[in-house]
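Step one of this worksheet: look at the structure below.
None of these values were measured; they are calculated from a predicted model. Keep in mind that the numbers below use all heavy atoms, side chains included, and drop hydrogens, waters and symmetry copies. Residue numbers start from 1 in every chain, and the chains themselves are labelled A, B, ... in the order their sequence lines are given, proteins ahead of strands.
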Amino acid sequence: MNALELKNITYTYSKKTPFEHTALKNVNAVFKAGQVNGLIGHTGSGKSTLVQMMNGLLKPEEPGQVLLFGKNIWDEPKKIRDIRFRVGLVFQYPEYQLFEETCEKDIAFGPKNMGLSEDEIKRRVNGAAEFVGIDQSLLAKSPFELSGGQKRRVALAGVMAMEPEVLILDEPAAGLDPIGREEVFGGIRSYQKTKENTVIIVSHSMEDVAAYCDNLTVLKDGQIMLTGSCGDVFKHERELTECGLGVPKISTFMRLLRENGIDVKDGIYTVDAALDEILRLLKKDDVEKKDGGNKNA
Amino acid sequence: MLKDITLGQFFPGNSALHKADPRMKIILTMLYIVFVFLAKATLSYIFVVFFTVVLVIISKIKPVIILKALKPLIFIMIFTAFFNIFWTKGDSTPLFEYKFIKIYKEGIVFAVLMIVRIACILTGSCVLLTYTTSPIALTDGLEQLLAPLKKIRVPVHEFAMMMTIALRFIPTLIEETDKIMNAQKARGADFNSGGLIKRARALLPVLIPLFASSFRRASELATAMECRCYRGDKGRTRMTKLHYKPVDLFLLILMVTFGVIIIVINIYLIDILNFSV
């Protein structure tokens with residue numbers, strides 16, 4: 001089932017001025033329900049514009065349509081705010097949007113706007129804080145006292161607390177150290193596992209999408225270039241490199257092994273899978289050597 | 001969208017006015033305003049309009065853009081005209097009389113001339129200065145024009161630097177505001193409904209992050225400037241020195257001619273088209 005379906009999306013910034021710029025040209029894409037969908041593209045490819053289409057911050061030009069579980073979100077323009085509660089969008093560097101006195105209040109901003117009861121808000125705030133690993137002691141602190149990684153996770157929790165059916169994250173790990181990245185992606189994963197909701201991760205880090213996404217959509221110059229499972233997409237190493245994206249290093253490594261006559265399987269793009277594959281081959285070699293030795297004897 | 005607002009109002013181009021020295025353009029603008037105020041006779045007003053049109057042609061700025069700039073001032077113009085119509089007393093018999101309201105021919109003429117004056121001053125100073133001069137060049141020119149004031153310890157350079165930085169960050173702040181507004185909208189913030197107080201409150205989630213990031217930016221910029229050994233005006237040299245060019249002389253002659261003609265009309269030709277007040 002498709003959580004989000006985009007049909008014929010075109011969008012032009014600063015229309016009819018000298019600064020006119022077409023960000024998206026007739027984009028068609030689907031994002032599957034209950035999966036982690038990756039959206040990748042180089043800088044300026046229109047990723048950020050596309051995600052703002054998905055929760056109704058931008059309206060596609062006619063006849064473009066954004067379907068959320070089969071229903072056009074612009075059918076009732078007055079209820080677009082409700083769409084934003086169902087499609088949660090976390091912007092790039094979301095920590096810059098924190099404003100409340102305490103983290104708890106900040107996380108509660110979204111649920112409060114939804115008009116939920118006090119008890120429900122409390123439950124959601126605590127739930128969201130748990131997903132991203134923010135301690136109870138931190139909730140009472142001002143967001144401006146926290147470290148960069150902690151701020152980022154509080155901001156993530158602020159959107160997760162709305163418990164959106166589709167959670168979109170624009171470069172969630174940009175500018176964080178490896179531990180910070182792990183914590184952020186860990187939070188996203190635990191949210192997705194528990195809620196079984198749809199997640200869309202926007203990134204230009206191939207390693208990240210390879211590790212966390214079930215399928216990928218590649219955007220190039222405002223158009224869809226490739227779409228499919230990670231394995232399928234990363235087969236197009238040459239095209240991806242040409243448009244400035246590349247593939248995970250381990251994927252290139254496995255291709256080079258294969259080209260040099262080592263019989264590794266196709267479609268491996270994570271370090272763990274590569275390790276398993278190489279170990280399997282080594283074991284097979286051992287067995288063959290042993291067999292060969294026996295024959296000689 | 002917020003981004004569409006053309007702040008700073010500079011329209012790049014390569015007309016004579018674009019190429020002229022910013023110092024000269026500041027002087028020309030001041031002269032221009034003085035000359036427009038000198039105009040007395042109806043004939044001189046006609047000439048002012050003619051000269052302003054010439055300036056617009058020289059600047060190669062599209063008339064549509066200028067009309068857009070005049071649009072927000074329509075209210076002020078109508079307001080001024082309104083008062084002039086009712087408050088000007090003429091010698092002849094009133095054209096219209098109702099109780100204490102008397103409208104004279106002079107009042108109507110004066111009201112029209114006032115509108116022409118406001119429109120011309122605005123158009124003229126726009127094409128002479130703001131539309132054809134980049135904000136950086138403008139502050140640069142201002143700093144050098146005011147340089148003599150340094151002798152009486154006016155911190156001219158510091159003011160110019162502050163202005164440059166402020167202008168430089170306007171687009172950045174607009175972009176930032178746009179981003180934060182979108183981020184809060186994504187969390188269900190509602191900026192467009194409710195009464196005045198509710199709307200003002202709704203802006204808090206935008207203003208607080210905006211202030212926080214402005215302070216962060218200011219301190220980052222200060223550090224970056226110190227890293228590049230910025231220490232104020234003393235001993236500072238410039239990469240681009242301003243030089244007066246032939247085009248500046250041409251514009252100055254044009255402007256002086258304009259002034260002379262206005263004065264000549266005022267003295268000798270004041271009786272032609274005599275609607276003057």
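- Residue A/Glu101 qualifies as open at atom CD: its count of foreign heavy atoms under 6.0 Å is 12 or below.
- With values rounded to the nearest 0.5 angstrom, A/Asn55 atom CG is found 8.5 Å from B/Asn182 atom CG.
- Near-neighbour residues of residues 104-116 of chain A relative to chain B, defined by a heavy atom under 4.5 Å from a heavy atom of that chain, comprise A/Asp106, A/Phe109, A/Gly110, A/Asn113.
- Checking side-chain atoms of A/Arg81 against main-chain N and O of B/Gly188 turns up a donor-acceptor pair under 3.5 Å.
- Counting heavy atoms from C-beta on, the side chains of B/Ile208 and A/Phe144 come closer than 4.5 Å.
- Residue contact with chain A, scored on non-hydrogen atoms closer than 4.5 Å, involves the backbone and the side chain of B/Ala183 alike.
- The candidate from B/Ala186, B/Ser213, B/Pro205 with the greatest count of non-hydrogen atom pairs under 4.5 Å with chain A is B/Pro205.
- Within a 6.0 Å sphere centred on CZ of B/Arg201, heavy atoms belonging to other residues, nucleotides or ligands number 12 at most.
- Distance check: B/Arg187 CZ to A/Phe91 CZ gives 11.5 Å after rounding to the nearest 0.5 Å.
- Annotation for A/Phe69: atom CZ counts as buried by contact number, over 12 foreign heavy atoms lying within 6.0 Å.
- Judged by distance alone, the side chain of A/Gln97 and the main-chain N or O of B/Gln184 form no donor-acceptor pair under 3.5 Å.
- Cation-pi geometry between B/Arg216 and A/Tyr96 is met: under 6.0 angstrom from the ring centre, within 45 degrees of the axis.
- Residue contact with chain B, scored on non-hydrogen atoms closer than 4.5 Å, involves the side chain of A/Leu57 exclusively.
- In this structure A/Lys195 satisfies the salt bridge (charged side-chain N to carboxylate O under 4.0 Å, His left out) test together with A/Glu163, sequence neighbours excluded.
- The salt bridge (charged side-chain N to carboxylate O under 4.0 Å, His left out) check on B/Lys62 picks up nothing, with sequence neighbours excluded.
- The number of heavy-atom neighbours closer than 6.0 Å to OH of A/Tyr93, taken from other residues, nucleotides and ligands shown, is 12 or below.
- Heavy atoms of A/Gln52 lying under 4.5 Å from chain B belong exclusively to its side chain.
- The neighbour count for A/Glu118 CD, taken as heavy atoms of other residues, nucleotides or ligands under 6.0 Å away, does not exceed 12.
- Around atom NE2 of A/His42, more than 12 heavy atoms belonging to other residues, nucleotides or ligands sit under 6.0 Å away.
- Legend: residues meeting salt bridge (charged side-chain N to carboxylate O under 4.0 Å, His left out) with B/Arg238, ordered by chain and number and at least two apart, are B/Asp140, B/Glu143.
- Atom OH of B/Tyr230 has more than 12 heavy atoms from other residues, nucleotides or ligands within 6.0 Å.
- By the 6.0 Å contact criterion, CD on A/Gln92 is enclosed, its count of non-hydrogen atoms from other residues, nucleotides or ligands being greater than 12.
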